[in-house]
Amino acid sequence: MSVLYKANMVRGAEWATFFAERAPELPFRLWPDIGDPSEIRYLVAWVPPDDIATMFPNLELVFSVGAGVDQFDATKVPTHIPLVRMLEPGIAETMVEYVTMSVLALHRDLLHFIAQQKEQVWREIRITPAKRRRVGVMGLGQLGQAALERLKAFEFPLLGWNRSPREIKGVTCYAGADALPEFLAQADILVCLLPLTDETRGILNADLFARLPRGASLVNVGRGPHLVEADFLAALDSGALSGAILDVTDPEPLPAGHPFWGHPRILLTPHNASMTTPDTAVDYVLDVIARHRRGEELPGRVDRTRGY
């Protein structure tokens, strides 16, 4: 009975050290050194091997090393094997930092001042009090709720939208497609933290941008395919959007010469808004394994019908 890790090998070495300290009785292997395939019970991966069902006949759990599972072809993971998202606290903390940084940067017009600096000229931009800048978060899972909790300190009016209903103290929450227009109409800064599913692919499109307050700004820390590029660029050019911070693109990385690279109202980062922390991730994986052995409900288990 062993654990197989198939992701970033540098961080994998850290995983191996923590496993040796905290679960020495559970062999831990780094891909491609799989040993006896029949001994692999738990797989931790960013992208699993294509023939997972036949390669590991006794597999019991599959963990995504990240918070999302859209990189998985779920049809290749047998339905009797639970697929588990990474819910370790390091992912949430780093995402909260990034969202807070981005919201404050857009709130205080940082992109405009960066452009002015390049022009070597200053033009006054009046400061809008935080109490008058409404921040809306799409996706109220672990990451969305954590980000909203941190943003409360700045006294932004906070809104949240989710597929299913949520109640969050200090946040005006909306749920379902029918409530989306009312939510969007109030979002001066829109943060996308949605999972990527067939329903959410392309959701950041011309229709959505038209429903935002004119001159709104965008933070996309979901997935690149959420965004319809042509609609997004048109919204920036028309003034429907005043600026955006994108941590995700499609593809990643963008090719040389892509219009996002040099756009004065787009700030790009290389999909590093959040990152799994090996120390706390190992504790999370061991906890889920223990729950599985006891026959308990598994935190982070993916609902195959919803895709997250």
Side-chain angles (χ1 to χ4, degrees), residues 64 67-70 74 83-87 91-92 95-96 98-100 102-103 106 131-214 216-228 231-232 235 240-241 244 247-248 273-274 297-308:
S64 169
V69 292
D70 53 279
L83 177 58
V84 180
R85 295 182 294 116
M86 190 62 63
L87 297 182
I91 289 180
M95 180 60 78
V96 165
Y98 187 96
V99 170
T100 302
S102 299
V103 168
L106 293 168
K131 291 180 180 180
R132 290 173 46 199
R133 186 87 73 183
R134 300 162 297 181
V135 179
V137 174
M138 301 178 74
L140 300 180
Q142 178 200 29
L143 301 183
Q145 292 190 45
L148 284 163
E149 186 62 34
R150 187 68 58 86
L151 290 171
K152 289 178 182 178
F154 301 96
E155 299 188 353
F156 294 112
L158 299 174
L159 309 99
W161 181 84
N162 203 59
R163 174 180 172 176
S164 54
R166 292 282 192 276
E167 290 187 8
I168 305 172
K169 185 177 180 181
V171 179
T172 303
C173 294
Y174 298 85
D178 291 344
L180 184 56
E182 184 179 357
F183 162 80
L184 293 172
Q186 304 172 73
D188 299 312
I189 299 176
L190 180 66
V191 180
C192 179
L193 266 166
L194 293 168
L196 182 63
T197 67
D198 290 342
E199 291 182 353
T200 64
R201 186 179 298 272
I203 194 170
L204 301 175
N205 57 32
D207 179 68
L208 180 144
F209 299 140
R211 295 179 184 276
L212 294 169
R214 184 165 181 79
S217 51
L218 172 69
V219 179
N220 188 13
V221 279
R223 288 291 186 265
H226 283 134
L227 184 67
V228 179
D231 293 357
F232 171 60
L241 289 176
D247 184 56
V248 290
S274 66
E297 184 175 348
L298 304 181
R301 182 170 184 169
V302 173
D303 182 336
R304 303 288 186 100
T305 63
R306 296 192 301 175
Y308 60 92

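Basis for what follows: all heavy atoms, side chains included, without hydrogens, waters or symmetry-related copies.
- Residues Phe154 and Lys131 are not in side-chain contact: their nearest non-hydrogen atoms beyond the backbone lie 4.5 Å or more apart.
- Side-chain contact between Pro213 and Arg134 is present, with at least one heavy-atom pair separated by less than 4.5 Å.
- Gln142 places a side-chain N or O within 3.5 Å of a backbone atom of Leu87 that can act as its donor or acceptor partner.
- Although no hydrogens or angles enter the test, the distance criterion places no donor-acceptor pair under 3.5 Å between the side chain of Asn162 and the main chain of Pro165.
- Taking the side chain as every heavy atom from C-beta outward, Leu208 and Leu184 approach each other to under 4.5 Å.
- Side-chain atoms of Lys152 come within 3.5 Å of backbone N or O of Lys169 as a donor-acceptor pair.
- Here the straight-line distance linking atom SG of Cys192 with atom CE of Met138 works out to 6.0 Å at 0.5 Å rounding.
- Within the model, atoms CG of Leu158 and CD1 of Ile189 stand 10.5 Å from one another, a figure rounded to the nearest 0.5 Å.
- How far CG of Leu204 is from CG of Asp231: 10.0 Å, rounded to the nearest 0.5 Å.
- Ala175 approaches Ala179 most closely through the heavy-atom pair O-CB, 3.3 Å.
- Between Ala216 and Ala187 the shortest heavy-atom distance is CB-O, 3.7 Å.
- With sequence neighbours left out, Tyr308 forms a side chain to side chain donor-acceptor pair (under 3.5 Å) with no residue at all.
- Here the shortest heavy-atom pairing between Ala244 and Leu106 reads N-CD2, 4.3 Å.
- His226 NE2 to Asn220 CG: the interatomic distance, rounded to the nearest 0.5 Å, is 7.0 Å.
- Contact annotation: the side chain of Leu159 never approaches that of Val135 to less than 4.5 Å [non-hydrogen atoms, C-beta and beyond].
- Using a 4.5 Å heavy-atom cutoff, the side chains of Val137 and Trp161 are not in contact.
- Leu143 CG to Leu194 CG: the interatomic distance, rounded to the nearest 0.5 Å, is 11.5 Å.
- Arg201 places no side-chain N or O within donor-acceptor distance of the main-chain N or O of Pro225, the cut-off being under 3.5 Å.
- You'll find the side chain of Met95 reaches within 4.5 Å of the side chain of Val99, heavy atoms only.
- Heavy atoms of other residues, nucleotides or ligands lying less than 6.0 angstrom from CG of Asp198 number 12 at most.
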Legend entry - side chain to side chain contact (heavy atoms under 4.5 Å, CB included) evaluation trace for Val221 with Val248: CA-CA 6 Å; Val221 279; Val248 290; 5.9 Å; no
Legend entry - Audit row: Val103, Leu151, side chain to side chain contact (heavy atoms under 4.5 Å, CB included) steps and yes/no: CA-CA 9 Å; Val103 168; Leu151 290 171; 4.1 Å; yes
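- When all heavy atoms of Asp303 and Thr305 are compared, the pair lying nearest together is OD1-OG1, 2.5 Å.
- Asp247 places a side-chain N or O within donor-acceptor distance of the main-chain N or O of Ala273, the cut-off being under 3.5 Å.
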Inset, instruction - Quick one: do Asp188 and Arg133 satisfy salt bridge (charged side-chain N to carboxylate O under 4.0 Å, His left out)? Show the steps, please. - result: CA-CA 6 Å; Asp188 299 312; Arg133 186 87 73 183; 6.0 Å; no
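- A distance of 9.5 Å separates CD1 in Ile91 from CZ in Arg85, rounded to the nearest 0.5 Å.
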Legend entry - salt bridge (charged side-chain N to carboxylate O under 4.0 Å, His left out) evaluation trace for Glu199 with Arg163: CA-CA 10 Å; Glu199 291 182 353; Arg163 174 180 172 176; 3.8 Å; yes
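- Looking at Leu140 and Ile168, their side chains come closer than 4.5 Å, going by heavy atoms from C-beta outward.
- Not a single donor-acceptor pair under 3.5 Å links the side chain of Thr200 to the backbone N or O of Ile203.
- The side-chain heavy atoms of Leu190 and Phe209, taken from C-beta on, include no pair separated by under 4.5 Å.
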